[in-house]
Amino acid sequence: MKATQEKVAIQGIKGSYHYQVARTTFGPEAEILECLTFAELVRKITTEEASIGVLALENSIAGAILPNYDLMDRNNLRITGEFYLPISHQLMAWPGQGIQEIREVRSHPMALLQCKAFFEKYPHIQLVEDLDTASVAKTIHEEQLKGVAAIAGKSAAEFYELDILASDIQTIKNNITRFCIVSKEKEQVPEEGFDKVSLKLIIQNEKGSLAKVLNIMSENNLDLTKIQSLPVIDKPWHYAFFIDLIFEELSDYQSAMQQIQGAGHQIKIMGEYKNTKIA
């Protein structure tokens, strides 16, 4: 994606992983709107305070961020692109301290979970959940906190002038988060130039319905890369399936969608865009 002067909403602040994705995707000219929560991020898009947003959807270790699927669906956001970011967690603190002087580490629950094994070697350190990774680094900088450390990306340590006490402390080194670029749903969708689709599928509550739908996709050469189920709130024991699929021929995708809808299943297209994942 080319640099633009878009107003881009992110969850987190300067130095966060969302910030890194936004800057890489939209360039230094983009205006970044910081949000404390994903709900606030979505609200800025729906009210058109922001034209676009960067939203984490899944992590290769922790799996799908289910509330974000629901937020996108309920607010009719559309995925226009994706970005895969390798996550490298650093332990950082106010300059001049060693790790033995740290009594408390604060970070986002996901970051704490991904680094849990590292802290087993330091039982004197208490792990405390916080809203965001970079915001803890900012607080340490502003209040010159000692005895408190943050888990965040390298850029946060640079922005907030903290010492890195330990690098790459995540338990699994191949740690990747998938971020989606989202905007308000548009009436017009691309007619070509895309090879990946995110959709919501509500199937007929009949025996074997899901298997039949998956067979249709397979017969039309669609590569199912993700399937995630969520309950349909107003229909007990009914489930919606959020599906990502890729294809080589547009006609295969179009044929599959016609067959699935023809069988009485409900499809909501949540995004048609280019696949950027490297196998």
Side-chain angles (χ1 to χ4, degrees), residues 1-4 6 21-22 24-27 52-66 68-73 76-87 174-204 206 208-230 239-279:
M1 295 183 184
K2 296 181 180 180
T4 178
E6 298 271 15
V21 172
T24 302
T25 304
F26 298 102
I52 209 158
V54 175
L55 189 71
L57 271 189
E58 59 183 304
N59 177 264
S60 58
I61 298 173
I65 305 174
L66 296 180
N68 288 354
Y69 280 87
D70 181 60
L71 277 171
M72 283 198 309
D73 182 28
N76 293 316
L77 298 188
R78 191 169 189 88
I79 300 173
T80 62
E82 63 179 4
F83 192 101
Y84 289 86
L85 180 70
I87 302 298
N174 187 23
N175 181 9
I176 299 172
T177 294
R178 177 187 175 222
F179 296 82
C180 284
I181 312 304
V182 296
S183 62
K184 287 187 71 172
E185 188 175 42
K186 301 294 193 300
E187 292 184 3
Q188 299 295 323
V189 298
E191 296 182 357
E192 57 184 15
F194 63 94
D195 58 0
K196 186 169 184 176
V197 177
S198 294
L199 58 86
K200 175 187 176 183
L201 172 68
I202 299 179
I203 62 174
Q204 294 285 341
E206 300 171 356
S209 289
L210 179 59
K212 291 175 182 177
V213 168
L214 296 180
N215 281 337
I216 291 173
M217 292 182 178
S218 177
E219 290 166 359
N220 284 277
N221 304 308
L222 305 186
D223 183 4
L224 190 71
T225 60
K226 184 174 184 60
I227 182 168
Q228 181 72 54
S229 66
L230 284 178
Y239 291 86
F241 295 89
F242 292 88
I243 293 173
D244 289 341
L245 53 89
I246 56 177
F247 56 86
E248 293 185 1
E249 299 294 334
L250 180 60
S251 58
D252 289 338
Y253 162 61
Q254 293 171 332
S255 174
M257 294 303 101
Q258 290 173 358
Q259 292 178 52
I260 293 170
Q261 289 178 315
H265 307 298
Q266 299 177 44
I267 295 176
K268 177 181 180 181
I269 302 299
M270 301 189 69
E272 295 172 325
Y273 50 98
K274 291 293 294 182
N275 174 43
T276 63
K277 184 178 181 181
I278 300 175

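Counting heavy-atom neighbours within 6.0 Å of Q261 CD, excluding the residue itself, gives a total above 12.
The main-chain N or O of T80 is never found under 3.5 Å from a side-chain atom of K274 such that the two would form a donor-acceptor pair. Not a single donor-acceptor pair under 3.5 Å links the side chain of N68 to the backbone N or O of L57. In this structure a side-chain-to-backbone donor-acceptor pair under 3.5 Å is present from T25 to V21.
With sequence neighbours left out, the salt bridge (Lys or Arg N to Asp or Glu O under 4.0 Å) criterion links K212 to no other residue. Judged as a ring pair (Phe, Tyr, Trp, His ring centres under 6.0 Å), and not counting sequence neighbours, the contacts of Y69 are F242. Not counting sequence neighbours, the partners of D70 by the salt bridge (Lys or Arg N to Asp or Glu O under 4.0 Å) test are R74.
Taken from CZ in F241 to CG in L224, the straight-line distance is 11.0 Å, to the nearest 0.5 Å. Summarising the geometry, atom OG belonging to S198 is positioned 10.0 Å from atom CD1 belonging to I243; distances are rounded to the nearest 0.5 Å. D252 contributes atom CG, which lies 6.5 Å from atom CG of L222 (distance to the nearest 0.5 angstrom).
A salt bridge links D244 to R178: at least one charged side-chain nitrogen sits closer than 4.0 Å to a carboxylate oxygen. The residues E272 and R78 are annotated as salt-bridged, a charged nitrogen and a carboxylate oxygen being separated by less than 4.0 angstrom. Salt bridge status for K277 with E82: absent, with no side-chain N to carboxylate O gap under 4.0 Å.
Ring orientation note: the planes of F247 and Y253 are close to parallel, at an angle under 30° on the 30°/60° scale.
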